[in-house]
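One-based numbering, in listed order, for ligands and for the atoms of each. These numbers come from a predicted model, not from an experiment.
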Amino acid sequence: MALTQERRLVTPIPGPASQALMARKQAAVPTGVATTLPVFAAEASGGIVKDVDGNQLIDLGSGIAVTTVGVSAPRVVEAVAAQAAAYTHTCFMVTPYEPYVAVAEALNRLTPGDHDKRTALFNSGAEAVENAVKIARAATGRQAVVVFDHAYHGRTNLTMAMTAKSMPYKHGFGPFSPEVYRAPMSYPFRDGVKDGRVAAARAIDVIEKQVGAANLAAVVIEPIQGEGGFVVPAEGFLAAIAQWCTDNDVVFVADEVQSGFGRTGAMYACEHEGVVPDLVVTAKGVADGLPLSAVTGRAALMDAAHASGLGGTYGGNPLACAAALATIETLEADGLVARAGEIETLMLDRLHRLAADDRRVGDVRGRGAMIAVELVDDSGEPDAALAKALAASCHAAGVIVLTCGTWGNVLRFLPPLTISDDLLHEALDVLTTALKEA
Ligand SMILES: Cc1ncc(COP(=O)(O)O)c(C=O)c1O
């Protein structure tokens with residue numbers, strides 16, 4: 001790895017070079033584009049991000065679940081450089097190229113289910129979610145879309161409507177796209193319902209009474225919710241919702257933008273529950289940081305959209321496709337999906353011990369390298385101030401952590417799968433100290 005895999009602080013966080021860049025940012029970039037940490041990156045590799053002052057931070061964020069195979073993974077760097085030298089763009093809709101087709105073939109193979117599939121490529125997670133809705137509407141001739149409490153699907157107009165949380169994602173940005181309806185999510189820690197079938201019956205009742213299956217094109221769900229708080233639904237919830245969709249000719253869409261691509265110890269989080277979605281949305285981890293997203297699904301559904309109904313100038317850009325193929329090779333050749341399982345064991349063990357010693361850690365949850373703690377006050381209410389304070393302490397000590405959750409009281413951990421156990425332990429030591437001192 002290009003950088004020594006160690007945490008090292010040589011200035012306070014932020015250092016002077018980062019502070020100078022932040023002043024330039026404030027003068028050049030709008031306030032709406034905010035940053036989690038006050039430091040600017042200079043280099044990164046493995047589990048370390050080095051800032052412009054020379055500080056080395058342990059990365060438990062992976063650029064929000066993107067650099068799953070390690071930032072600038074060697075095969076990816078090589079493949080992107082070779083592709084850039086060959087051609088950077090021709091537009092797949094004008095003169096197509098092989099890497100796009102190869103990525104489509106790979107995603108048809110890697111997504112759950114062995115039915116006949118097709119894949120269309122796009123740029124961002126939100127764009128792919130929008131296209132999944134377009135495809136479901138074209139295939140069913142219906143308009144309504146059901147999403148869930150705590151959902152996050154993006155920041156475009158349709159995906160803002162699909163996202164649950166107002167501030168900061170939607171506040172002041174309406175009016176939003178119509179025909180989007182919200183059903184109750186299974187959230188065992190908060191709703192106390194441990195049987196997923198019971199939670200699904202509650203959601204299905206809302207869907208049937210407030211929307212009606214005959215009007216419904218798609219149910220879109222994150223198998224493990226991301227921004228909404230790393231909510232893992234009770235066992236049986238996903239399968240019951242998927243079955244109801246099948247029974248009612250409704251398209252079941254798994255938004256695996258954050259939970260997919262090896263992150264949870266399976267290629268897709270749906271697999272933990274044996275669920276085979278009609279359409280799967282992939283982004284983030286698929287191309288190690290190059291902008292690429294995909295909708296993969298049943299051939300008959302995917303082919304429902306007319307010629308030229310799907311696409312975009314940059315969708316499936318050759319550089320991003322080269323990165324995706326190298327990412328897939330790295331995941332498979334280096335056994336990284338299994339590594340996510342090891343990370344889960346290490347982190348859950350440490351965090352459960354932390355929770356046993358400290359009532360403020362109300363819940364520990366997640367799968368693979370998608371793990372979170374939900375922080376609560378004495379009465380079990382969400383404690384966003386504590387989450388914010390802990391994140392700030394970790395940042396000051398050189399550990400990148402992110403917060404999330406409808407109430408902002410969840411600390412989430414998304415390390416790259418290439419991180420060493422030593423760095424993970426060190427990061428968790430920092431968190432433990434921060435919690436003691438908070
Ligand atoms: C589950 C989920 N869907 C969609 C998106 C939107 O992806 P993007 O930011 O690439 O548009 C995200 C981003 O965090 C996400 O977590």
query = When only distance counts, is Q258 in polar contact with ligand 1, meaning an N/O pair under 3.5 Å?
reply = yes
key: Test log, rule side chain to side chain donor-acceptor pair (under 3.5 Å), inputs R197 and Q243   = CA-CA 11 Å; R197 285 162 308 177; Q243 187 59 51; over 6 Å; no
task = Would you mind running through ligand 1 and noting each atom that sits below 4.0 Å from a heavy atom of E227?
result = 14 (O)
key: Close-contact set for ligand 1 against D255 heavy atoms, below 4.0 Å   = 1 (C), 2 (C), 3 (N), 4 (C)
Atom indices of ligand 1, in the order listed, that fall short of 4.0 Å to a heavy atom of A126 = 6 (C), 7 (O), 8 (P), 11 (O)
query = Any N/O of V129 closer than 3.5 Å to an N/O of ligand 1?
reply = no
Heavy-atom pair with the smallest gap, counting every atom of A254 and P277 = CB-CG, 3.6 Å
inquiry  = Using every non-hydrogen atom in the two residues, find where A183 and V146 come nearest and quote the distance to one decimal.
reply    = CB-CG1, 4.0 Å
ask   = If you measure from each heavy atom of Q225 to ligand 1, is any distance below 4.0 Å?
value = no
inquiry  = Checking the side chain of R365 only, and the main-chain atoms of G229 only, is there a donor and an acceptor separated by less than 3.5 Å?
reply    = yes
For E222, atoms of ligand 1 separated by under 4.0 Å from a heavy atom = 1 (C)
task = Return the option from A151, G125, A254, A283 holding the heavy atom at the smallest distance from atom 7 (O) of ligand 1.
result = G125
task = May I ask you to identify the nearest protein heavy atom to atom 4 (C) of ligand 1, giving residue, atom name and distance to one decimal place in Å?
result = H153 O, 3.3 Å
query = So which bit of K284 gets within less than 4.0 Å of ligand 1, heavy atoms only: side chain, backbone, both or neither?
reply = side chain
request  = Measure from NZ or CZ of K284 to the centre of the six-membered ring of F261 and say whether it is under 6.0 Å with the direction within 45° of the ring axis.
outcome  = no
inquiry  = Is atom 9 (O) of ligand 1 touching the protein, meaning some protein heavy atom lies under 4.0 Å away?
reply    = no
query = Should T345 and E342 be marked as a side chain to side chain donor-acceptor pair (under 3.5 Å) after you check the CA-CA gap, both sets of side-chain angles, and the distance that decides it?
reply = CA-CA 5 Å; T345 305; E342 294 170 9; over 6 Å; no
query = Between W407 and Y187, what is the ring plane arrangement, given parallel below 30°, perpendicular above 60°, and tilted in between?
reply = tilted
request  = Under 4.0 Å from a heavy atom of S124: give me the atoms of ligand 1 that qualify, with their elements.
outcome  = 10 (O), 11 (O)
task = Say whether Y152 and T159, considering side chains only, have a donor N or O and an acceptor N or O under 3.5 Å apart.
result = no
